[in-house]
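A note on names: the letters A, B, ... follow the listed sequences, proteins ahead of strands, and every chain is numbered from 1.
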Protein chains: 2
Amino acid sequence: MSLSQAKVGAPEIRPGSQDSRDEILKAAMHLFASRGFHETSMSEVAREARVSKALIFWHFKTKEELFVAVLNRLLEPYFIDFAEEAGALDERAQIQKLVEFYLLFVRDNASSVRFFIAQMLHDQHFAEGLSDQVLKLYSGYRAMLVELIARGQERNLCSRRFTAEAAAGFLLSALNGILIEHLFMMQNRPLDPESAVAMVAGWLFGEEIRTDNAGGKAVA
Amino acid sequence: MSLSQAKVGAPEIRPGSQDSRDEILKAAMHLFASRGFHETSMSEVAREARVSKALIFWHFKTKEELFVAVLNRLLEPYFIDFAEEAGALDERAQIQKLVEFYLLFVRDNASSVRFFIAQMLHDQHFAEGLSDQVLKLYSGYRAMLVELIARGQERNLCSRRFTAEAAAGFLLSALNGILIEHLFMMQNRPLDPESAVAMVAGWLFGEEIRTDNAGGKAVA
DNA sequence: ATGCCTGCTAACCATTCGGTCAATCGTCAC
DNA sequence: GTGACGATTGACCGAATGGTTAGCAGGCAT
């Protein structure tokens with residue numbers, strides 16, 4: 001991106017191999033994510049990275065290898081630990097934090113989330129390895145939810161209408177639904193986590209939420 | 001192609017232009033939906049349809065035109081009227097029917113639904129026209145939900161914890177979440193609408209559902 | 001100096017792509 | 001018959017693609 005010279009501010013005295021490799025990755029990341037694999041040519045990547053096409057093939061054997069490298073790079077921010085950060089809270093607050101975390105992450109990484117979902121829906125096998133990584137992440141999040149809800153139910157903090165597994169499954173579905181709705185509507189509405197968390201709380205904890213009288217701020 | 005004569009089983013007395021056009025569309029439908037636009041070449045379509053490549057360009061001016069024709073064809077089954085079919089039922093039963101309808105449709109048209117979602121996530125603009133059609137369909141369904149819930153709330157059949165709009169939005173998100181989970185897990189689980197409908201009912205109508213004692217059939 | 005290895009490039013290659021075109025075949029009208 | 005016309009084809013085209021190769025600049029050890 002950034003027309004004209006990108007790094008005029010950061011004087012690149014010595015070329016360095018890692019440097020060029022990184023710029024290739026950045027360019028490829030941008031192009032693959034915004035256009036897709038087949039719609040992006042190596043020449044375009046070379047042009048955007050301001051290197052020769054041959055250099056790309058010197059760093060990465062094939063286009064697929066570059067693609068996989070890009071995928072791994074895009075996946076990095078997904079691996080922050082969403083545990084630990086809320087130890088002293090009770091289950092209810094922890095669940096709300098977890099839900100809020102999910103929504104905030106989606107909001108802040110919308111473009112890469114969109115890219116991954118589109119890619120996984122498109123290429124069923126999809127380099128296989130990546131799909132596994134994503135799935136592992138997903139089921140990890142689910143497991144945390146299940147356990148929190150189960151503990152919450154033991155302490156009578158959560159509704160017991162469903163098993164913890166069923167409740168977590170439904171909750172996760174709702175989150176995913178909010179996610180894709182956000183991906184489609186993107187420019188229209190900004191996805192505010194507050195109302196979604198309120199919905200979830202109302203459902204899971206059986207709370208009463210007034211939306212039709214004074215106090216304003218309807219939950220829509 | 002096709003060794004020996006191709007259609008010995010179905011006697012094709014006169015070739016007919018509509019016939020070849022249809023086979024081209026069928027072949028393109030299959031290839032576009034399973035591989036995608038850029039990954040499908042006109043030669044492949046020609047081979048699968050057992051016609052010459054030039055004939056495709058006689059029927060359709062460009063590859064894009066063929067693609068749009070395929071999209072419209074794939075979209076046809078989406079336009080059955082999901083109104084009318086449940087007139088005498090009360091709001092609660094109608095909502096359940098509507099939810100069930102959504103889930104059954106998704107289950108039976110999973111591959112084309114997957115294709116549309118992937119396509120719309122991938123090509124932001126996406127031929128513009130199609131996106132509009134899909135959006136109209138979607139908001140039509142949403143409007144029906146909102147009105148049903150509102151009427152249900154008036155008659156005290158539905159929980160009033162949320163506004164009808166908020167409830168419908170959240171419900172729709174849950175359905176969409178179930179949808180994409182189904183698209184990803186596809187081969188693993190078969191998406192049974194029963195349990196999903198039960199979850200929705202529990203949430204929307206405030207029902208108690210026993211899952212942890214006698215009566216069997218856990219809702220998971 | 002002389003190799004030598006890393007980083008890098010211009011030019012090239014084979015293949016495939018979307019698309020065109022002149023020519024054919026079959027059928028109906030006259 | 002013969003022309004007209006819709007349907008159909010093989011052969012072809014320029015552009016673009018993923019990938020290769022020969023070679024060059026320059027630091028660094030001998």
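One can place CD of A/E39 at 15 Å from P of C/dC17, the figure rounded to the nearest angstrom. Atom CG in B/D19 sits roughly 16 Å away from atom C1' in C/dG26 (whole-Å rounding). To the nearest angstrom, P of D/dA7 lies 15 Å from CD of B/E23. D/dT9 atom P lies 15 Å from atom CZ of B/R47, rounded to whole Å. Atom CE in A/M42 sits about 21 Å away from atom P in C/dC13, given to the nearest Å. Atom CZ of A/R50 is separated from atom C1' of C/dA10 by 19 Å (rounded to the nearest Å). Atom-to-atom, CZ of A/F67 to P of D/dG19 comes out at 14 Å; the value is rounded to the nearest Å. If you take NE2 of B/H38 and P of D/dA16, they are 15 Å apart, rounded to a whole angstrom.
No side-chain heavy atom of A/L66 sits under 4.5 Å from any side-chain heavy atom of A/F57. Residues B/F184 and A/L135 fail the side-chain proximity criterion, which asks for heavy atoms closer than 4.5 Å. Side chains of B/L31 and B/R47 form no contact here, defined as non-hydrogen atoms less than 4.5 Å apart.
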* To do: Please test B/F32 against B/F67 for ring pair (Phe, Tyr, Trp, His ring centres under 6.0 Å), starting from the C-alpha separation and ending with a verdict.
  => CA-CA 8 Å; B/F32 279 146; B/F67 187 60; 5.0 Å; yes
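Between the B/H122 side chain and the A/H122 main chain, no donor and acceptor come within less than 3.5 Å of each other.
Comparing atom distances between the A/S52 side chain and each of D/dG19, C/dC17, C/dA10 picks out C/dA10 as nearest.
Phosphate contact (OP1/OP2 of D/dT17, side-chain N/O of A/S41, threshold under 4.0 Å): present.
For residues 55-72 of chain B, the set of pairs meeting the salt bridge (charged side-chain N to carboxylate O under 4.0 Å, His left out) definition, not counting sequence neighbours, is empty.
Within residues 53-63 of chain B, the residues approaching DNA chain C are B/K53, B/A54, B/F57, B/T62, B/K63, by heavy-atom distance under 4.0 Å.
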